[in-house]
Protein chains: 2
Amino acid sequence: MPRSKGKKSSAPVTIHDVAERAGVAISSISRVLSGHPDVSERMRIKVQRAADELGYEPDFFAQSLRSGATKTIGFIMRDISNPFFGVIAQCCEQELRKAGYSMLLMNSDGDVATESTNIAQLRRRKIDGLIASLVSEDIPELNSTLEKLNAPVVLLDREVVGLNSSAILANHHQGVEDATSDLISRGHKRIAFISGSTRVYTTRDRLKGFKSAFKKAGVAYPTELVSLGKFDAEFGESETKRLFTLKDRPTALLSGGIGSTAGAMRGLKKLGLVPGKDLAFVAIDEWPMFDVYGQQFSSVYRDAAMIGREAAAALLEMISGGSPRTIMVETHYIVRESSTGGLKAKKK
Amino acid sequence: MPRSKGKKSSAPVTIHDVAERAGVAISSISRVLSGHPDVSERMRIKVQRAADELGYEPDFFAQSLRSGATKTIGFIMRDISNPFFGVIAQCCEQELRKAGYSMLLMNSDGDVATESTNIAQLRRRKIDGLIASLVSEDIPELNSTLEKLNAPVVLLDREVVGLNSSAILANHHQGVEDATSDLISRGHKRIAFISGSTRVYTTRDRLKGFKSAFKKAGVAYPTELVSLGKFDAEFGESETKRLFTLKDRPTALLSGGIGSTAGAMRGLKKLGLVPGKDLAFVAIDEWPMFDVYGQQFSSVYRDAAMIGREAAAALLEMISGGSPRTIMVETHYIVRESSTGGLKAKKK
DNA sequence: ATCGTTTCTGGAAACGTTTCTATTTTATGC
DNA sequence: GCATAAAATAGAAACGTTTCCAGAAACGAT
């Protein structure tokens, strides 16, 4: 029993105390404080003063238990230390806070079981809504798990069939196609592509853009240079090493997502290959500071802050009765120094 | 009384339903499920089965209201999108989750008023503990605000006098002194130093190391090159521009913290100055990817993951009755490419 | 058998709100 | 003034648990 008694004032003042002080019924206190219309001015003043004098603060749990609303939103991501997700989380929290909601943060650690445990935990806590970037889209029981939450859901960059939720999707294929086309037009044919599992929209949509660029250019699609598996840096690094030690090695690389990019850069460094010189390199999603580091990285950019804000807005909308909707966020190919190189003094 | 009217799937199953199903009293259900010792084996099995069959999940709010424990920890930071804080948050959440706690995340946006509102919100939610990186240490009412929380507190890199809390402090002065000494030994005398307000431990301890290096080397301390104000990138950028356009401009720069470093790098870029060449540059705290970017930045390093884990551990310890303690985390000067340069072909 | 002790169980009182219902007061129209 | 409606208030019943208390059953020991 952690009962730290500071001075002696640790008397938790309840609605009873206020009622007694003001000399009115408990129900009147509640009515005044929750802004019920049928309250006389005299009562309002009397209650307000008693509450102020006692420094009354309604007990959150009692309110939630009775009313059902928890003013709490669950937020599940693979890994909040990922700076891209960090920005989303920050903007989301700011918006939700403005609307009077608090955010319960949980990392799924990229693990399906952990994610499911987290959702169960959130259900017990009767959250008013959930924003999540799921590990995978086709987990058995996923739909029923989310439906049992009995709260509106906003998914980030995920398409779950048959689920009545909102979604914030990025238009990855456009940016990736632009980037790939640019590389092809510079003379690249052997372009490597590393990203996460095709079990999520993110990868599938990027792949669509990648393939489409080859098709439009009439260049053979280099199946053997496409490596799709996981989003983490370890995978990115090992695959980069594997691909760039092939006999006929790629001349360019697209890395899909923050983790892949980190791994790719580490892998290249260990191989002694310099982006923009020994190969052309485009990162999908930007690391913070991409704009100021000594070396300039090209990227397929999307606005994390906007994604966070849109997610919060969509969720709040659903909480107040609106219907689910899908929001598409654009991506943009940003050309920088690293888009050059990789071709033996042929061009430029 | 819509009790056993289980056609609709959204029937929230309560302890009553389980009691009815098992044919025992409500109190027995509670006893079995909370592992009370005085329960017969027969009862345990009967209740367990009934609960499983109905898929019973205790209501979190009812439990908290009655028992007082919320299994919830508050986590307040200036800005969760700061990758350094992101890592702390991630590790913290993982540890807390293992212990059965959930984490309520709030950004203070670097604003005292927002921070205070957040703390009030957390008090109403009766959190079991708080981990916070406060905006400032000497806010009036801060102590009483935190004491009114009536829950153990762990502060990150802050010293609040008279508050009975744990603290995770970094030994900044050691790392900063090492870095500064190295720069001095390379021939630098005019070393600029940009960091946040001296109203927090972080800055004061860094400054201590900075001054100490000059004293030990017997070199005059360059007061006019020290700029302490805010941790954000805007401040870092404008101060960098100001200092490096002085008539007698600095030959080296230390930037204090993630934000300052971002600002400093932007400022230098706009001035056309290259770290490691036109000036020597040491960042305090590392940006992710410092190890792989084209340009190699020196740093004063501290382990964010460890800070997160230690914070969680210290808090859990206090929750279970332990006393507050202060943990000192070491910092290390890591020399890379950017420690060179800035001296006109004098050395090296 | 009787009498303590344990061990186990059921009933009911909290926890601090909101909300429903019933009652009293006030205002309104004629 | 008087009926009638409307507004304001009090009282009490939830919400779903945990926990206290008292009693019942079980068990040895006399």
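Here is how names work: the chains are called A, B, and so on, in the same order as the sequence lines, proteins then strands, and each is numbered from 1.
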Practice problem: Ignoring hydrogens and angles, answer whether the base of D/dT18 and the side-chain atoms of B/R66 contain a donor-acceptor pair closer than 3.5 Å. | Solution: yes

Quiz prompt | Donor + acceptor pair across side chains of A/D109, B/Q94 (<3.5 Å) | solution =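 Yes - a donor-acceptor pair under 3.5 Å links their side chains.
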
Quiz item: For residues B/T202 and B/R158, is any side-chain donor paired with an opposing acceptor at under 3.5 Å?
Solution: yes

Quiz item: Just how far is it from atom CZ of B/R125 to atom OG1 of B/T72, taken to the nearest 0.5 Å?
Solution: 8.5 Å

[X] [atom1] - [N] [atom2] separation (whole Å):
| X | N | atom1 | atom2 | answer |
| --- | --- | --- | --- | --- |
| B/R125 | C/dC15 | CZ | P | 23 Å |
| A/K126 | C/dT17 | NZ | P | 20 Å |
| B/E20 | D/dG16 | CD | C1' | 15 Å |
| A/H16 | C/dA14 | NE2 | P | 11 Å |
| B/Q63 | C/dG16 | CD | C1' | 17 Å |
| B/F61 | D/dA14 | CZ | C1' | 18 Å |
| B/K71 | D/dT17 | NZ | C1' | 16 Å |

Can you give me every donor-acceptor pair (side chain of residues 45-54 of chain A, partner residue at least two apart or in another chain, under 3.5 Å) with its distance?
from	atom 1	to	atom 2	distance (Å)
A/E53	OE1	A/R21	NE	3.1
A/E53	OE1	A/R21	NH2	2.7

Self-check item: B/N164 atom CG, over 12 foreign heavy atoms within 6.0 Å
Solution: no

Self-check item: Closest approach of A/S102 to B/M106 (non-hydrogen atoms, all atoms of both residues)
Solution: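 In terms of heavy atoms, the two residues are closest at OG-CE, 3.5 Å.
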
Quiz item: Looking at residues 22-58 of chain A, who's got a heavy atom less than 4.0 Å off DNA chain C?
Solution: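 The stretch gives A/I26, A/S27, A/S30, A/Y56, A/E57, A/P58 as the residues lying under 4.0 Å from the strand, ordered by number.
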
